[in-house]
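Everything numeric in this text was worked out from a predicted model, so none of it was measured. Note on naming: letters A, B, ... go to the chains in the order of the sequence lines (proteins, then strands), and numbering restarts at 1 for each one.
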There are 2 protein chains.
Amino acid sequence: MRPKSATLTEQELEIMKIVWARERVTVRDVYEDMLERRKIAYTTVMTMMKILAQKKYLRKTQEDRAYVYQPTKPKNQVIKGMVREFVNRVFNGSAEPLLVHLVEDRKLSGKDLEEISRMIREGRENG
Amino acid sequence: MRPKSATLTEQELEIMKIVWARERVTVRDVYEDMLERRKIAYTTVMTMMKILAQKKYLRKTQEDRAYVYQPTKPKNQVIKGMVREFVNRVFNGSAEPLLVHLVEDRKLSGKDLEEISRMIREGRENG
DNA sequence: GGATTAGTACTAAATAATTAGTATGCGACC
DNA sequence: GGTCGCATACTAATTATTTAGTACTAATCC
């Protein structure tokens with residue numbers, strides 16, 4: 001009865017970050033990337049990527065010996081979904097309290113906010 | 001080897017929200033609150049609260065027949081930890097991209113940002 | 001051609017998270 | 001005093017997540 005994660009799990013995200021950064025990867029590519037940061041088995045990476053393919057986050061195409069994996073959804077879209085899920089779960093959907101936390105935690109300064117609000121004002125053509 | 005959650009899990013958070021809102025609760029209080037939103041067993045709530053007590057999020061004191069539970073950590077502090085964990089995991093620690101997503105997703109308007117940045121400017125005594 | 005290498009599929013085991021059943025005790029009520 | 005309701009402790013089952021081993025295949029190397 002445990003609910004399946006509606007978004008990417010921690011390890012899935014780790015892998016997707018690598019895939020998005022390179023666009024076209026083999027299991028080996030991802031494996032070697034991850035190995036630099038921690039001990040992990042090749043087959044573990046393979047299993048995770050198979051799951052990501054099942055979940056439609058990756059598309060695989062046979063190419064020479066190994067499969068080549070590519071993301072099916074743009075990073076932006078997926079991350080936005082994760083943010084939305086987080087805001088819903090933790091803040092019941094409203095973003096202001098999140099913002100307050102970020103500021104209190106010095107993740108954002110008033111300067112950052114002004115900068116971004118200026119960006120918004122200037123980049124508002126299509127609404 | 002699956003890593004234990006460093007922060008509150010989904011259901012744990014659900015319960016903690018109720019506890020924070022009331023400050024002093026019994027299992028039954030939480031159970032009835034949750035029942036309004038979904039089907040759940042009394043013992044399930046009890047198990048979760050026992051876990052939260054083990055994890056030091058709750059403190060229980062015998063009182064009459066049932067235990068009374070109280071939060072040990074303020075909501076603000078715990079939520080801040082969750083935000084931090086999320087920003088680290090998803091955005092490698094930097095908050096600006098999160099902000100951009102929030103704005104793109106219409107969770108925040110330029111007006112919201114300006115408002116909050118004004119609040120910061122005015123409320124900056126101790127830094 | 002046999003050994004080595006790199007890849008995949010299949011299988012499975014460990015742990016975390018979630019849910020809940022059963023047994024048991026204690027006070028209230030009749 | 002027996003029964004009922006409510007509380008807890010203990011136990012356990014289910015599912016998701018993470019990790020990886022084993023067997024097999026195909027290409028490569030000597």
Side-chain angles (χ1 to χ4, degrees), chain A residues 1-19 24-35 37-70 82 85-86 89-90, chain B residues 1-19 24-70 82 85 89-90:
Chain A
M1 318 258 187
R2 177 188 182 182
K4 198 178 296 192
S5 172
T7 58
L8 293 172
T9 64
E10 180 160 351
Q11 301 309 317
E12 287 171 352
L13 176 61
E14 207 51 44
I15 288 174
M16 287 305 298
K17 281 182 181 173
I18 297 168
V19 180
R24 287 171 50 84
V25 296
T26 60
V27 171
R28 178 148 299 271
D29 292 333
V30 175
Y31 166 64
E32 285 174 358
D33 197 318
M34 294 186 82
L35 249 197
R37 267 159 294 130
R38 68 187 187 87
K39 174 179 154 327
I40 191 164
Y42 180 92
T43 51
T44 302
V45 178
M46 209 181 63
T47 304
M48 292 298 298
M49 291 177 74
K50 193 188 65 181
I51 290 169
L52 282 165
Q54 279 168 4
K55 292 189 179 180
K56 308 288 186 190
Y57 284 97
L58 292 179
R59 170 167 53 93
K60 67 178 180 178
T61 46
Q62 185 89 50
E63 206 146 317
D64 293 323
R65 312 244 274 101
Y67 287 116
V68 169
Y69 291 80
Q70 289 168 275
M82 294 188 72
E85 189 275 337
F86 181 79
R89 179 162 50 85
V90 179
Chain B
M1 321 262 184
R2 177 189 183 180
K4 199 177 297 196
S5 172
T7 58
L8 293 172
T9 65
E10 180 160 352
Q11 301 311 316
E12 288 172 351
L13 176 61
E14 208 53 42
I15 288 175
M16 287 305 297
K17 280 182 182 174
I18 297 168
V19 180
R24 285 171 52 84
V25 295
T26 61
V27 171
R28 177 148 300 270
D29 292 333
V30 176
Y31 166 64
E32 283 173 1
D33 197 318
M34 294 187 83
L35 249 199
E36 288 175 19
R37 267 160 294 131
R38 69 187 187 87
K39 175 181 154 324
I40 191 162
Y42 180 92
T43 50
T44 302
V45 178
M46 209 181 64
T47 304
M48 293 297 298
M49 290 176 74
K50 192 187 66 180
I51 291 170
L52 282 166
Q54 279 168 4
K55 292 188 178 180
K56 309 288 187 190
Y57 284 98
L58 292 179
R59 170 166 53 94
K60 67 178 181 179
T61 45
Q62 184 89 48
E63 204 145 319
D64 291 322
R65 309 246 273 104
Y67 287 117
V68 169
Y69 291 81
Q70 289 168 275
M82 294 188 72
E85 188 275 337
R89 178 162 50 84
V90 179

Expected rows: protein N/O vs nucleotides 2-8 of chain D N/O, under 3.5 Å:
residue : atom : partner  : partner atom : Å
dG5(D)  : N2   : Arg65(B) : NH2          : 3.4
dA7(D)  : OP2  : Arg28(B) : NE           : 2.3
dA7(D)  : OP2  : Arg28(B) : NH2          : 3.0
dA7(D)  : O5'  : Tyr42(B) : OH           : 3.4
dT8(D)  : OP1  : Tyr67(B) : N            : 3.0
dT8(D)  : OP2  : Tyr42(B) : OH           : 3.1

field: Interatomic spacing from OG1 in Thr26(B) to OH in Tyr67(B) - rounded to 0.5 Å
entry: 13.5 Å
message: Using a heavy-atom cut-off of 4.0 Å across all strands, would you classify Thr9(B) as base, sugar-phosphate, or nothing?
response: sugar-phosphate
task: Working to the nearest 0.5 Å, report the span between CE of Met16(A) and OG1 of Thr9(A).
output: 11.5 Å
Could you go through residues 41-56 of chain A and list every donor-acceptor pair under 3.5 Å that involves a side-chain atom there, pairing it with any protein atom two or more places apart or in another chain?
residue  : atom : partner  : partner atom : Å
Thr47(A) : OG1  : Thr43(A) : O            : 2.8
Lys55(A) : NZ   : Glu12(A) : OE1          : 3.4
Lys55(A) : NZ   : Glu12(A) : OE2          : 2.7

message: Testing the basics here: between Lys17(B) and Val90(A), what is the closest heavy-atom pair and its distance to 0.1 Å?
response: CE-O, 3.6 Å
message: Would you say that Val27(A) contacts Val30(A) through its side chain, given a criterion of any heavy-atom pair below 4.5 Å between the two side chains?
response: no
task: Find the distance Leu13(B):CG to dA17(C):C1' and express it as a whole number of Å.
output: 14 Å
message: Whole angstroms only, please: what is the NZ-P distance between Lys39(B) and dT18(C)?
response: 16 Å
message: Taking the minimum atom-to-atom distance to the side chain of Lys4(A), which one of dA20(D), dA16(D), dT19(C) wins?
response: dA16(D)
query: To the nearest Å, how far apart are Lys50(B) NZ and dT19(C) P?
result: 15 Å
task: Nearest whole angstrom, please: distance from the C1' of dC10(C) to the CD of Gln54(A).
output: 13 Å
message: Please pick, from dT19(D), dA17(C), dC10(D), the nucleotide with the shortest atom-to-atom distance to any side-chain atom of Lys55(B).
response: dA17(C)
message: Could you measure the distance from the OH atom of Tyr57(B) to the CG atom of Leu13(B)? Nearest 0.5 Å is fine.
response: 10.0 Å
task: Can you tell me the distance, in whole Å, between the CE atom of Met49(B) and the P atom of dA17(C)?
output: 18 Å
message: For Asp33(A), is there any backbone N or O sitting under 3.5 Å from a side-chain donor or acceptor partner on Arg37(A)?
response: yes
query: Are any of Gln11(A)'s side-chain N or O atoms less than 4.0 Å away from OP1 or OP2 of dT17(D)?
result: no
Atom-pair distance (CD1 on Ile51(A); P on dT8(C)), nearest Å: 15 Å
query: Is the side chain of Glu63(B) donor-acceptor paired with the backbone N or O of Ala66(B) at a distance under 3.5 Å, no angle test?
result: no
Residue-phosphate contact under 4.0 Å: Thr44(B) side-chain N/O, dA20(C) OP1/OP2: yes
task: Mind grabbing the angle between the end helix axes of the helix from dG1(C)-dC30(D) to dC30(C)-dG1(D)? Five pairs an end, 10° rounding.
output: 20°
Met48(A) CE to dT18(D) P, straight-line distance once rounded to whole Å: 5 Å
field: Within-4.5 Å side-chain heavy-atom neighbours: Glu14(A) and Leu8(A)
entry: no
- request: Could you check which of dT19(D), dA20(C), dT18(C) has an atom nearest any side-chain atom of Thr47(B)?
  value: dA20(C)
- line: Rounded to whole Å, OH of Tyr31(B) lies from P of dG21(C) at a distance of 10 Å
